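Numbers restart at 1 for each chain; the letters A, B, ... are given by sequence-line order, proteins then strands. Just so you know, these numbers use all the heavy atoms, side chains as well, and skip hydrogens, waters and symmetry mates. Remember, predicted model here, so these are calculated numbers, not experimental data.
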There are 2 protein chains.
Amino acid sequence: MSFTYKYARPAVTVDCAVFAIDFEKENLKVLLIRRGEEPFLNHWALPGGFVHTDESLIEAAHRELQEETGLTSIYLEQLYTYGNVDRDPRERVISVAWFALVNLEGRLLEARTDAVDAAWFSLDELPSLAFDHGRILSEATERLRGKLKYKPVGFELLPELFTLSQLQRLYEIILDTSFDKRNFRKKLQKLDVLIETDEIQKDVSHRAARLYRFDRDKYRDLESRGFYFEL
Amino acid sequence: MSFTYKYARPAVTVDCAVFAIDFEKENLKVLLIRRGEEPFLNHWALPGGFVHTDESLIEAAHRELQEETGLTSIYLEQLYTYGNVDRDPRERVISVAWFALVNLEGRLLEARTDAVDAAWFSLDELPSLAFDHGRILSEATERLRGKLKYKPVGFELLPELFTLSQLQRLYEIILDTSFDKRNFRKKLQKLDVLIETDEIQKDVSHRAARLYRFDRDKYRDLESRGFYFEL
DNA sequence: ACAAAAGTGTTAAATGTACACCCATGC
DNA sequence: GCATGGGTGTACATTTAACACTTTTGT
């Protein structure tokens with residue numbers, strides 16, 4: 001090949017901060033894997049790995065998540081690319097970090113851990129992480145909090161059908177505040193991106209709540225006309 | 001070395017979308033360079049180049065800007081990392097894109113173009129760009145517009161001392177709207193991040209306006225207490 | 001004296017915030 | 001029948017939006 005690269009090439013990896021809401025414990029969780037190799041053997045780390053030559057960055061992120069955690073078709077958004085010279089003790093490694101949102105309903109157990117040791121951690125009970133993953137995770141968390149306020153990403157953490165109280169609790173958990181129930185509902189009503197379904201909650205020992213669905217198409221439409229989601 | 005990389009490595013570059021406001025023409029400009037090599041010989045492109053092994057990504061971005069355009073110590077913020085397999089016809093190249101803001105006052109002429117052919121283009125008179133730089137630039141523009149609303153980045157496009165009308169015109173140019181002068185001033189007054197200096201505009205053929213300075217320290221302080229800039 | 005931009009307050013409308021009770025269901 | 005969360009409206013405070021004239025300076 002006539003084209004030559006003048007400098008030694010860095011390695012390129014993807015790493016993912018996968019978030020989910022634990023409604024029982026009322027907290028935000030992140031998925032970590034325990035490393036089976038040096039460096040940082042047995043340390044916890046973000047799932048991720050090297051980018052192959054024949055796949056795009058997002059494909060690499062999806063593949064690594066599938067391989068290491070069994071998760072497929074989840075919401076992924078690029079976070080930041082970390083490229084400090086010394087972030088990997090072996091050699092120069094540039095990591096394209098992603099944040100991912102999943103809804104845990106029924107997925108917690110099924111999240112296949114293959115050979116890999118994977119577990120969900122509360123953000124306030126984090127172990128120390130390999131490489132600069134602690135920093136990546138804290139920036140991912142900050143981004144999630146920021147984004148939640150002005151983009152409808154919260155729905156990615158909920159099942160397809162959800163109650164308004166679940167949605168409210170989600171916001172309260174992530175933003176660590178509390179909202180007035182009536183005002184919260186009024187606001188959502190005015191945003192006009194929820195579809196009220198005919199269905200109601202099942203198996204609860206109190207009055208069953210109505211289930212809603214997020215109207216992605218309508219949201220995209222409104223967004224393209226300059227509408228600004230904000231909660 | 002015992003560590004081996006299993007796959008062919010992609011090349012890694014940085015590319016920068018450098019913006020400035022042209023107050024005379026009342027528009028937003030971007031700095032492009034004309035390529036002196038294949039592929040895309042003679043096409044216009046974003047300034048950028050390969051990341052060296054001994055420099056971080058932001059260092060690479062600063063170095064390339066210095067080398068290709070003479071610009072130093074300017075505001076740089078990471079935009080996105082582009083890694084589609086076919087974005088460079090030669091081989092796999094991953095580009096970490098940045099957006100940069102400079103104030104043109106006195107810099108327009110002095111922007112040293114070295115051996116490279118560099119020029120400022122209006123965003124509505126863009127040539128077709130090399131690689132996927134057209135896409136990168138349009139995403140950078142979108143990001144700048146979005147960011148302007150809730151972060152005080154506009155000041156990076158102004159000289160140290162500026163008038164309130166300049167600031168307002170800047171917002172109007174980038175966001176393509178117009179604001180009421182009194183309301184705009186009231187809002188800024190309440191944000192309370194501008195320092196009113198003793199100086200006034202020079203060499204204008206009408207009443208000279210008072211000059212202001214952006215108080216970065218105060219802003220950082222307010223921000224850390226949960227204050228939310230918004231315009 | 002006139003052209004050109006600087007500077008300055010008030011009012012009405014819209015939005016956000018605080019607040020308390022009845023309802024439906026399962027046990 | 002009681003415990004648990006579901007669901008609903010109003011009044012007040014705050015914020016935003018619309019609007020026009022006087023001042024200063026250079027030519």
Separation of D/dG6 P from A/Ile200 CD1 (nearest whole Å): 12 Å
Roughly, in whole Å, what's the span from CZ in B/Arg207 to P in D/dT27? 17 Å
Given salt bridge (Lys or Arg N to Asp or Glu O under 4.0 Å), test B/Glu139 with B/Arg135 step by step and report yes or no. CA-CA 6 Å; B/Glu139 292 182 9; B/Arg135 176 184 171 197; 2.9 Å; yes
Position toward the 5' end of DNA chain C (nearest nucleotide), A/Lys190 or A/Ser205: A/Lys190
Side-chain N,O (A/Ser165) to OP1/OP2 (D/dG6) below 4.0 Å: yes
Hey, are the side chains of A/Glu172 and A/Phe184 touching, using non-hydrogen atoms and a 4.5 Å cut-off? no
Rounding to an integer number of Å, can you tell me how far A/Glu196 CD sits from D/dG6 P? 15 Å
Over how many whole Å does the gap from B/Lys181 atom NZ to C/dA4 atom P extend? 14 Å
Validation row: B/Val153, B/Leu148 side chains within 4.5 angstrom (heavy atoms): yes
Between C/dG9, C/dA6, C/dT25, spot the one nearest the side chain of A/His206, thanks. C/dT25
Could you say whether A/Asn183 or A/Val204 is positioned toward the 5' end of DNA chain C, judged by the nucleotide with the nearest heavy atom to each? A/Asn183
Specify the residue among B/Arg182 and A/Tyr212 whose closest nucleotide of DNA chain D lies further upstream toward the 5′ end. A/Tyr212
First of A/Asp180 and A/Ala209 reached from the 5' end of DNA chain D, by closest nucleotide: A/Ala209
So do B/Thr141 and B/Phe19 actually touch side chain to side chain, heavy atoms under 4.5 Å? yes
What's the OH-P distance between B/Tyr228 and D/dT15, to the nearest Å? 17 Å
Base C/dT25 to side chain A/Lys202, donor-acceptor N/O within 3.5 Å cut-off: no
How many whole angstroms separate atom CG of A/Asp203 from atom P of C/dG26? 9 Å
Heavy atoms only, 4.0 Å cut-off, all strands: where does A/Arg210 land among base, sugar-phosphate and nothing? sugar-phosphate
Once you round it to whole Å, what is the distance between P of C/dG16 and CZ of A/Phe184? 14 Å
Rounded to the nearest angstrom, tell me the gap between atom CG in B/Leu211 and atom P in C/dA5. 17 Å
Measuring only between side-chain heavy atoms, which start at C-beta, is A/Val18 closer than 4.5 Å to A/Thr69? no
